[in-house]
Amino acid sequence: MQRQVELTRTTHIRIVAPVLILSLACGNGGDLGGPVTPGSVHVTTVTDGEMQDPNGYTLVVDGTAAGPVGSNADTTLSALPPGSHALALADVAGNCTVEAPDPRSILIQSAGTAEVVFAVVCTEPRPAAACIAPQVTNASQWAAAIAGNIGRSGDTIWVKGGSYPGASVIRATDRVIRACPGERVTLGNLVVFGSGITIWGFEVAGPPGSGTLGIDTYGVGSKLINNVVHDAGHSGIGLWWNTQGGEAYGNIVYNNGTTDNLDHGIYFNNRQGTMRLIDNIVFNNWAYGIHGFSTTPGELTGLVLDGNVTFGGHGIGAFNSSDVLIGGVSVPTLSVTNHRSYKPDGYTSVDLGYVSGSAKNGSVTVSGTFVGAPGLQLNRWSSVTQTGATNISYAGKPTSGTEVFVRPNQYEKGKAYVTVYNWGNAASVPADLSGVLAAGQSYEVRSVCDLWGAPTASGTYQGESVEIPMASHPAPAPLGRSAKRPPPDCGGVFDAFVVVGK
């Protein structure tokens, strides 16, 4: 059976300012001094603007995920003890802003219901054709840009196509450093120390002999958007607690590392705020694909993963690694939603909440399609919410039908990632791209295993489903060293694709 995830947009003509109205149920006093009865909060979300997140948001009460709410919807959270609480929206797309304050301070009266309205405004990113001054066209300008000597606070620094090799230490602050759309801009290793830095649209390629990470981030508020990171000497991306809630969105990460049980696709931890890993495709790295790990208490807080795709067996190293592992110390709250994994080597695909000794984790929310042995493993969670979590044993996987998942890019209009489970080994599968492309728009579809080769499919979109060929083809070979074991081919039963409208 084929399933589609489509983008829906609802445009509103008004923006609702933040409102907090407290009302008490009849028959109960408004003071908190007498007998108390749990109360509730009725939450309404109103989202305006372009490219709204079709998956909605997560409500967080006092730092703990309390349930989902749609982009334009309402819901009630019950059984809240009387008193003051902090209510926030999480899982908000990077192009959307919650009108302050967020979090909100709410007062729950005994047996009462508080009313809260969150207003969210989403803005369409700058058109892809933009590539204007301030601009980097050569190595000396690149050095000036990363030092903060080109542009002003808040500027987008555009980088023209070409190669800027070697290690780059970014000390600039409050800037977007972005590859010109449609141009291949190849960098060496990046280390981000500057605060408020966004790295967008680059190819970051090794070299593996450098002994460094592809993108190593320490600056507060770091964002890594739509980059391709491969063949680094250590992990592809390091997103650390120093960022105080950073974001990795839409990155394609593969063939990174040289050391078993140490070098991963994305290695991350967090102490403050919300760390967001959204719509990344991670495969065939030396050890784990996505590795949220720390042995220091308090460094695995505020972790939100949504729409990520992981596949490729053990990767290219020798250590038996899962596609995803999150743990080491207790995890208070964790959200892993809309995840797609495919692990054909007989080991666990997604392992959440690994913890030593007798320690326990807090609450976890999980959804997606997990294929492995098992596909999904949950460890010592006090509270588990599984809505639409399909745990498939690779040995017993379906033998007919297809499942197709389309994730429109939240930062670049006309771009999307498509994940396909082709259970019956059909020669091609149809994908509904109506939420991504406009009629008359030309497009290309490329496998993430062959990003710079010939397109898998291309044409002019006329509103029909696009047929994507699923022939088996080799995974990309590691550069500068040999894999300890070859990764499985792409295509056939499973593949992930990039759709780009022209």
- Pair D279 + R407, salt bridge at N-O below 4.0 Å: yes
- Item | Minimum side-chain heavy-atom gap F319-T259 below 4.5 Å | no
- Side-chain contact test, heavy atoms from C-beta onward, threshold under 4.5 Å: evaluate it for L239 versus M275 and give yes or no. yes
- Item | Interatomic distance, I266 atom CD1 to I290 atom CD1 [nearest 0.5 angstrom] | 5.0 Å
- Output for pair (N270 CG, L300 CG), nearest 0.5 Å, gives 8.5 Å
- Query: L277 pairs by side chain to side chain contact (heavy atoms under 4.5 Å, CB included) with which of L305, L224, V324, V336?
  - Reply: L305
- Query: Are any side-chain N or O atoms of N255 and backbone N or O atoms of P476, one a donor and one an acceptor, separated by less than 3.5 Å?
  - Reply: yes
- Query: Which residue, F370, Y394, F283, Y421, forms the ring-ring contact (aromatic ring centres under 6.0 Å, His included) with F311?
  - Reply: F283
- D155 side, atom CG; I177 side, atom CD1 - distance, nearest 0.5 Å: 11.0 Å
- Message: Quick check against the 3.5 Å criterion: does N391 have a side-chain atom that pairs as donor or acceptor with the backbone of G375?
- Response: yes
- Please answer whether the main-chain N or O of D306 pairs with a side-chain N or O of T337 as donor and acceptor at a distance below 3.5 Å. no
- Task: Using modelled atom types only, decide if a donor and an acceptor are shared between the side chain of R175 and the backbone of G151 within a distance under 3.5 Å.
- Result: yes
- Task: Could you list the residues that satisfy side-chain hydrogen bond (donor to acceptor under 3.5 Å, both in side chains) with S393, not counting sequence neighbours?
- Result: none
- Answer yes or no: is there a side-chain heavy-atom contact under 4.5 Å between I316 and N285? no
- Could you tell me whether the side chains of S341 and D323 share a donor-acceptor contact shorter than 3.5 Å? no
- Message: Using the ring-ring contact (aromatic ring centres under 6.0 Å, His included) definition, which of the options Y267, F268, F193 pairs with W240?
- Response: Y267
- Is the backbone N or O of N361 less than 3.5 Å from a side-chain atom of S382, with the two atoms forming a donor-acceptor pair by type? yes
- Message: Regarding R481 and D231, does a basic nitrogen lie under 4.0 Å from an acidic carboxylate oxygen?
- Response: yes
- Query: Is a donor on one side and an acceptor on the other found under 3.5 Å between the side chain of D102 and the backbone of L89?
  - Reply: yes
- Stepwise side-chain contact (heavy atoms from CB on, under 4.5 Å) test for Y354 and I326: CA-CA 6 Å; Y354 164 79; I326 297 176; over 6 Å; no
- Message: Using side-chain heavy atoms (C-beta onward) and a distance below 4.5 Å, is I281 in contact with T419?
- Response: no
- R340 to F405 six-membered ring, cation-pi geometry met (6.0 Å, 45°): yes
- Task: Apply ring-ring contact (aromatic ring centres under 6.0 Å, His included) to F293 and list each qualifying residue two or more places apart in sequence or on a separate chain.
- Result: H291
- Partner of H230 by ring-ring contact (aromatic ring centres under 6.0 Å, His included), out of F202, Y254, W286: Y254
- Check: N226/N251 side-chain N/O donor and acceptor closer than 3.5 Å: no
- Message: Quick one, T198 and I225 - any side-chain contact, counting heavy atoms below 4.5 Å?
- Response: yes
- Task: Report yes if the side chains of V169 and I146 come closer than 4.5 Å at any heavy-atom pair, otherwise no.
- Result: no
- Spell out, as yes or no, whether a donor-acceptor pair under 3.5 Å connects the side chain of R271 to the backbone of G298. no
- Message: For W200, does the six-membered ring have the charged nitrogen or CZ of R178 within the cation-pi criterion, i.e. under 6.0 angstrom from the centroid and within 45° of the normal?
- Response: yes
- Query: Between the side chains of E444 and S458, does any donor sit under 3.5 Å from an acceptor?
  - Reply: no
- Task: Test side-chain contact (heavy atoms from CB on, under 4.5 Å) on N242 and V220 and set out the steps.
- Result: CA-CA 6 Å; N242 316 67; V220 173; over 6 Å; no
- Query: Which value, rounded to the nearest 0.5 Å, describes the distance between E247 atom CD and S222 atom OG?
  - Reply: 11.0 Å
Scan the side chains in residues 491-502 for donor-acceptor partners under 3.5 Å anywhere in the protein, sequence neighbours excluded, and list what turns up.
residue : atom : partner : partner atom : Å
D495    : OD1  : S447    : OG           : 3.2
D495    : OD2  : S447    : OG           : 3.3
D495    : OD2  : H473    : NE2          : 3.0
D495    : OD2  : G491    : N            : 3.3

- d(N189 CG, L213 CG) to nearest 0.5 Å is 8.0 Å
- Task: Side-chain contact test, heavy atoms from C-beta onward, threshold under 4.5 Å: evaluate it for Y164 versus V185 and give yes or no.
- Result: yes
- Could you verify whether a donor N or O on one side chain and an acceptor N or O on the other, from S294 and N269, lie under 3.5 Å apart? no
- Query: Between the side chains of S235 and D263, does any donor sit under 3.5 Å from an acceptor?
  - Reply: no
- Query: Are any non-hydrogen side-chain atoms of P488 and D345 less than 4.5 angstrom apart?
  - Reply: no
- Query: Taking the side chain from N308 and the backbone from H339, do they hold a donor-acceptor pair closer than 3.5 Å?
  - Reply: no
- Apply side-chain contact (heavy atoms from CB on, under 4.5 Å) to T296 and V329, showing your working. CA-CA 7 Å; T296 302; V329 293; 5.9 Å; no
- Looking only at atom types and distance, does a side-chain atom of S330 sit under 3.5 Å from a main-chain N or O of K360, one as donor and one as acceptor? yes
- Taking it one step at a time, do Q386 and S367 satisfy side-chain contact (heavy atoms from CB on, under 4.5 Å)? CA-CA 6 Å; Q386 293 189 65; S367 66; over 6 Å; no
- Task: To the nearest 0.5 Å, tell me how far T186 OG1 sits from E203 CD.
- Result: 3.5 Å
- Item | Residue pair R152, D174: steps toward the salt bridge (charged side-chain N to carboxylate O under 4.0 Å, His left out) verdict | CA-CA 8 Å; R152 297 171 297 178; D174 298 318; over 6 Å; no
- Message: Whether the side chain of N280 engages the backbone of V309 through a donor-acceptor N/O pair (distance < 3.5 Å, no angle test) should be reported.
- Response: no
